[in-house]
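Below is one structure; the comments refer to it alone.
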Amino acid sequence: MTAETSQTLDRGLRVLKLLADTDHGLTVTELSNKLGVNRTVVYRLLATLEQHALVRRDLGGRARVGLGVLRLGRQVHPLVREAAMPALRSLAEDIGATAHLTLVDGAEALAVAVVEPTWTDYHVAYRAGFRHPLDRGAAGRAILAARQGKLDETAYTLTHGELEAGASGAAAALVGVTGIEGSVGVVMLADAVPERVGQRVVDAAREVADALS
């Protein structure tokens with residue numbers, strides 16, 4: 001800690017991170033041990049976070065992340081979208097196909113940013129806000145493969161006809177971005193994705209990951 005930082009705020013943020021990393025919640029004692037502070041300090045931190053709905057405690061006294069974080073989370077998408085747009089524009093213009101950034105939203109893949117090429121006679125219409133199951137389409141499959149450790153930052157996923165008849169997709173997962181699961185991809189009206197597109201998508205995903213890191 002430096003003179004310019006707040007110890008109390010730091011501890012509160014550490015509480016939120018600890019709770020976010022567990023599915024079953026933590027007790028005051030467990031938090032006390034992990035933070036290296038006494039239980040009284042933890043009680044005060046939890047009480048403050050509860051007032052802002054960032055933490056809730058169940059009947060057993062275990063603390064969990066509260067619904068208030070959802071309100072904060074809704075503001076993340078515009079920031080992520082803004083950071084990704086330069087790479088998506090470049091990808092769409094270079095490949096001549098619709099480029100998109102997709103993030104995990106529960107059990108679904110959610111397109112949060114889409115860029116269509118300006119010079120093609122036709123391309124796939126794909127809109128921000130479009131949702132689909134994670135196990136369908138290149139964007140979702142790339143995310144699942146990365147989650148399972150089956151893809152590294154040089155790999156990509158290809159699909160055909162899973163979301164739209166006659167359309168093929170290529171996507172590469174965002175790698176090394178803390179707290180965000182997502183992918184960058186393209187969708188095109190073709191029987192197969194040209195070989196060079198895969199590496200171009202990987203490069204674009206790396207650009208977006210760097211912009212978000």
Side-chain angles (χ1 to χ4, degrees), residues 16-17 19-23 65 67 69-95 97-117 123-164 167-188 193 196-213:
L16 289 175
K17 290 179 180 179
L19 296 180
D21 288 337
T22 179
D23 294 327
V65 174
L67 293 177
V69 299
L70 295 178
R71 291 193 294 273
L72 299 177
R74 292 191 190 102
Q75 303 306 313
V76 172
H77 286 177
L79 296 175
V80 173
R81 183 166 56 245
E82 181 180 348
M85 289 302 285
L88 293 181
R89 288 194 188 98
S90 176
L91 177 62
E93 292 299 309
D94 185 19
I95 299 301
T98 302
H100 54 84
L101 169 68
T102 298
L103 300 182
V104 172
D105 188 23
E108 295 181 311
L110 171 64
V112 298
V114 175
V115 176
E116 298 177 356
H123 51 261
V124 176
Y126 197 81
R127 296 290 181 263
F130 178 66
R131 294 174 178 272
H132 59 84
L134 280 171
D135 61 355
R136 292 185 61 196
R141 290 187 181 277
I143 293 169
L144 288 178
R147 182 184 292 179
Q148 297 163 6
K150 295 180 180 179
L151 290 180
D152 59 25
E153 63 180 10
T154 66
Y156 53 90
T157 298
L158 301 175
T159 58
H160 177 70
E162 291 195 357
L163 297 178
E164 185 173 341
S168 293
L174 298 178
V175 178
V177 184
T178 303
I180 294 178
E181 281 188 295
S183 65
V184 169
V186 294
V187 58
M188 59 182 64
V193 175
R196 80 177 187 93
V197 172
Q199 184 56 54
R200 184 64 184 82
V201 167
V202 170
D203 292 341
R206 187 178 296 117
E207 289 177 39
V208 174
D210 289 343
L212 295 173
S213 299

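Here the side chains of Val186 and Leu91 are in contact, with some heavy-atom distance below 4.5 Å. Residues Leu174 and Glu181 have side chains not in contact (no heavy-atom distance under 4.5 Å, counting atoms from C-beta outward). The shortest distance between side-chain heavy atoms of Val124 and Glu164 falls below 4.5 Å.
Remark: the backbone N or O of Val112 is paired with a side-chain donor or acceptor of Arg81 at under 3.5 angstrom.
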Pairs of donor and acceptor atoms involving the side chains of residues 206-213, under 3.5 Å and at least two apart or interchain, shall be tabulated with distances.
| unit_1 | atom_1 | unit_2 | atom_2 | d |
| --- | --- | --- | --- | --- |
| Arg206 | NH1 | Asp203 | OD1 | 3.3 |
| Ser213 | OG | Ala209 | O | 2.6 |

Side-chain atoms of residues 137-144: list all donor-acceptor pairs with protein atoms under 3.5 Å, sequence neighbours left out, distances to 0.1 Å.
| unit_1 | atom_1 | unit_2 | atom_2 | d |
| --- | --- | --- | --- | --- |
| Arg141 | NE | Glu162 | OE1 | 2.9 |
| Arg141 | NE | Glu162 | OE2 | 3.2 |
| Arg141 | NH2 | Asp135 | O | 3.0 |
| Arg141 | NH2 | Glu162 | OE2 | 3.3 |

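Under the salt bridge (charged side-chain N to carboxylate O under 4.0 Å, His left out) criterion, Glu108 pairs with Arg131, sequence neighbours left out. Among residues two or more places apart in sequence or in another chain, the ring pair (Phe, Tyr, Trp, His ring centres under 6.0 Å) test is passed with His77 by none. For Leu19, the side chain to side chain contact (heavy atoms under 4.5 Å, CB included) criterion is met by Val15, Leu26, Leu31, Val55, Ala63, Val65, not counting sequence neighbours. Annotation: side chain to side chain contact (heavy atoms under 4.5 Å, CB included) contacts of Glu82 (sequence neighbours excluded): none.
Here the CG-OG distance, from Leu101 to Ser183, works out to 7.5 Å after rounding to the nearest 0.5 Å. Here the straight-line distance linking atom CD1 of Ile95 with atom CE of Met188 works out to 6.0 Å at 0.5 Å rounding. Residue Leu88 holds its CG atom at 9.0 Å from NE2 of His100, rounded to the nearest 0.5 Å.
Looking at every heavy atom in both residues, Thr102 comes nearest to Ala111 through OG1-CA, 4.1 Å. Between Ala172 and Ala155, the closest heavy-atom pair is CB-O, 3.8 Å. Shortest non-hydrogen contact noted between Val187 and Ala167 is CG2-CB, 4.0 Å.
The aromatic rings of His132 and Phe130 are tilted relative to each other, their planes meeting at an angle between 30° and 60°.
At a cut-off of 3.5 Å, with distance as the only test, no side-chain donor of Thr98 or His123 sits close to an acceptor on the other residue.
Under 4.0 Å is where a charged nitrogen must lie from a carboxylate oxygen, and between Arg89 and Glu116 no such pair does.
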Practice prompt. Output, in order, the C-alpha distance, side-chain angles, deciding distance and verdict of side chain to side chain contact (heavy atoms under 4.5 Å, CB included) for Thr159 and Arg136.
Written response: CA-CA 9 Å; Thr159 58; Arg136 292 185 61 196; over 6 Å; no
